[in-house]
Amino acid sequence: MSGPPFLKKPKIDIEDENGKTTEEETINEQEEALVALIDHRTKEVVHLRQRVSYYTSQLNEAERRLEEAQIKFAHLQGRDNVTDLKNSFQKEGVKVERRSTSPIHISEGSSRSQSQFPPLSGQEAVKSSGDNLKFVGTPISPFYKKDDSPQTQSQSRRPATPSTSQPIKMKASGTKVSSGSGSQPSASRSTDVNNIVQPKEEKSHRTSSQREPMGTQPKGTKRNLELKEHKELIPLIGSCSSPHIIRSQTGCFLSSQHKRKLRSLVLCPTNDQLFVTSALDGDVNLWQIQGRGSSAHRLSTTDCQSDKQRRWPEDIAWHPQGTSLFSVYSADGGDSQISILNLNKGKEKARVTFLEDKPHVKGIINSIIFTPWDESCFVTGGSDHAVVLWNEKDAEDSWKPKALHRSMHSSAVMGVAGMQHKKIVISVGADKRIIGYDLAYGRADYKHQIESKCMSVLPNPCDFNLFMVQTGTPERQLRLFDIRVRQMEIHSYGWKQESSESQSALINQAWSPDGLYITSGSADPAIHIFDIRYNAHKPSQSIKAHQKRVFKAVWHHALPLLISISSDLQIGLHRII
């Protein structure tokens, strides 16, 4: 039985130098053409993303100017506040709502009163969604420069001040308000810090004349995720051939008043005037910033050594309400593992309490961090390979530990962190592993292993998918990762150390409030700054600071200020100008 002949695929004959035809050469040429096409279209996608980012920022800037003109027009018509403007918009069918995106709130009794600041008429960002206008109090970044990328040009140009939930007034009060640094408390160890960090709810019955003039008083509310907005920063990584330089000026160096080398530096999450330092002497010093960052004053010193072995705090985390500090120690010798320093208690010995539970079985507890979720809980990681979640009980200073995992790491857990948008705990270890544990499903959702030991992890404050891992590889100490993309590194940064080849786990990093810069300490007396938009792997700039190793330099969330600590026992205040 005969049928139609089989059709053969025609060959494409290409003659080589010897006049022969080879199918391999044809395939190779097709592969090269496709590789070139993929490269071309990849560059095209990157270019178009940059254009979208540019025009988005231009739209935001145009809307800001429109809103400024509308408010000026309303002011000329004799309207006293934005409420009148809001009513006029509503008559035209335009929806207006005002909400603060800043995680920092200032209470009514704060010495940094609203009347201290100029009207926000031209500073409130305006975002559009269809026909709706939203007044959004965006976080003010103190790192704006004229040559910044379009992503940052839409930020406010007035001096950095925290956004508040207070109504916006068109006319500033004529009353002159002090900066909060006029009242200078005693620097003795018994300094009473009551009412400085006490939640607002417990003090609402006091009149403004009864409130202490020192410092801002934070609200006693937990962190709210609605106060933070996700921003796509990952497309900007490595998009610029030249860095955006930050001009800085060292204001002063203060004696830390510690007897041994410093270990930690943490800013208060609810009060923009307070920060703490800890050292190997076991003391925790509470500081108040004065003169918008020109100086700082020690308010109190508390002995926080562990109960049995008298060890110093290995790491410190501030409670989200800003009223207490949590420290971790060691699991060896049955020693206390967690202490709570209650800053609202007057007597020094009564301030520090130790938790009875001891879930870690051995070694140093290297890291503690409060999660960014609504629930009040924190995570610890230790040398026993364990990651432990602590949930708050109903009783005061009572917490229940639960081990998330003990065997996913084969060596010491050096750093832990909670992601903003999902209940995922990232842990990194000396075993070179990066683990993302999903609490909702009770399993590791993200796994990655690199060629070098990991020493800390730090999520980006604006892009909720972006996080940074510190590693021990010289000139590649900082690695950027996307939680959505596994087994891939986005970019790496680093520096060459002159004084030491090894990377110390005591050296830490910090993100800028706008999420575009990273600061890192160094074994050399310098603060390295990295612009994530810079496509090189080296620092975008370095600030010569201190006489010895710089452990950490943190960005202030409201003031144009960098605060650093060093093994020279000094605290550095560096103004961003």
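Just so you know, these numbers use all the heavy atoms, side chains as well, and skip hydrogens, waters and symmetry mates.
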TODO: Taking all non-hydrogen atoms of both residues into account, name the closest pair between S336 and F354 and its distance.
DONE: CB-CD2, 3.4 Å
TODO: Could you give me the CA-CA distance, side-chain angles and deciding distance for I338 and W399, then say whether side-chain contact (heavy atoms from CB on, under 4.5 Å) is met?
DONE: CA-CA 10 Å; I338 307 287; W399 297 77; over 6 Å; no
- [ ] Without swapping roles, check the side chain of S339 against the backbone of T353 for a donor-acceptor pair under 3.5 Å.
- [x] no
TODO: Give a yes or no answer on whether the side chain of S566 reaches the backbone of K548 with a donor-acceptor pair at less than 3.5 Å.
DONE: yes
Task: Crowding at NZ, K358 (>12 non-hydrogen neighbours, <6.0 Å) - done: yes
Open item on the list: How long is the straight-line distance from NE2 of H385 back to NE2 of H409, given to the nearest 0.5 Å?
Closed with: 10.0 Å
Open item on the list: How about NZ on K393, more than 12 heavy atoms from neighbouring residues, nucleotides or ligands closer than 6.0 Å, or not?
Closed with: yes
TODO: Would you confirm whether D445, through its side chain, and Y437, through its main-chain N or O, come within 3.5 Å as a donor-acceptor pair?
DONE: no
Open item on the list: Quick check against the 3.5 Å criterion: does H230 have a side-chain atom that pairs as donor or acceptor with the backbone of F464?
Closed with: yes
Open item on the list: Check K400 with E392, please: is the shortest side-chain N to carboxylate O separation under 4.0 Å?
Closed with: no
TODO: For residues S306 and D335, report the shortest heavy-atom separation together with the two atoms involved.
DONE: OG-OD2, 2.6 Å
TODO: Classify the side-chain pair H528/T519 by whether it contains a donor and acceptor separated by less than 3.5 Å.
DONE: no
Task: Intermediate values then yes/no, side-chain hydrogen bond (donor to acceptor under 3.5 Å, both in side chains), H574 and S248 - done: CA-CA 6 Å; H574 316 276; S248 65; over 6 Å; no
- [ ] Indicate, with yes or no, if the rings of F326 and F370 have centres closer together than 6.0 Å.
- [x] yes
Task: Heavy-atom donor-acceptor pair, W287 side chain to L274 backbone, under 3.5 Å - done: no
TODO: Would you name the heavy atoms of D431 and S410 that are closest together and state the gap between them?
DONE: OD2-N, 2.8 Å
TODO: Could you please spell out the steps behind the salt bridge (charged side-chain N to carboxylate O under 4.0 Å, His left out) verdict for R263 and D283?
DONE: CA-CA 10 Å; R263 177 57 65 90; D283 287 344; over 6 Å; no
Task: Proximity of F275 and H556 rings by center, below 6.0 Å - done: no
Open item on the list: Check whether D315 reaches the backbone of S367 with its side chain - one donor and one acceptor, N or O, closer than 3.5 Å.
Closed with: no
Open item on the list: Taking the ring centre of each residue, are W312 and Y329 less than 6.0 Å apart?
Closed with: no
Task: Exam field: side chain N366 to backbone M414, donor-acceptor pair closer than 3.5 Å - done: no
Task: Within 6.0 angstrom of Q309 CD, more than 12 heavy atoms from elsewhere - done: yes
TODO: Starting from the C-alpha separation in whole Å, work towards a yes-or-no answer on side-chain hydrogen bond (donor to acceptor under 3.5 Å, both in side chains) for N285 and T301.
DONE: CA-CA 5 Å; N285 288 347; T301 296; 2.7 Å; yes
- [ ] For F530 and S520, work out which heavy atoms get closest and say how close.
- [x] CE1-CB, 4.2 Å
Open item on the list: Less than 3.5 Å apart, any donor N or O on the side chain of R575 or Q249 sitting next to an acceptor on the other?
Closed with: no
Task: Backbone N/O of G322 and side chain of W318: donor-acceptor pair under 3.5 Å - done: yes
TODO: Would you check, one step at a time, whether the test side-chain hydrogen bond (donor to acceptor under 3.5 Å, both in side chains) holds for N342 with S324?
DONE: CA-CA 5 Å; N342 192 331; S324 56; over 6 Å; no
- [ ] Using only heavy-atom distances, determine whether the side chains of T302 and R351 contain a donor-acceptor pair under 3.5 Å.
- [x] yes
Open item on the list: Salt bridge or not between D303 and R310? Use side-chain N to carboxylate O under 4.0 Å.
Closed with: yes
Open item on the list: On a heavy-atom basis, which atom in V284 and which in C304 lie closest, and how many Å separate them?
Closed with: CG2-SG, 3.6 Å
- [ ] For S512 and Y517, indicate whether the former's side chain and the latter's backbone hold a donor-acceptor pair under 3.5 Å.
- [x] yes
Task: Donor-acceptor contact present, side-chain D384 to main-chain V361, <3.5 Å - done: yes
Open item on the list: Can a side-chain donor-acceptor contact be found between Q470 and Q477 if the only test is distance below 3.5 angstrom?
Closed with: no
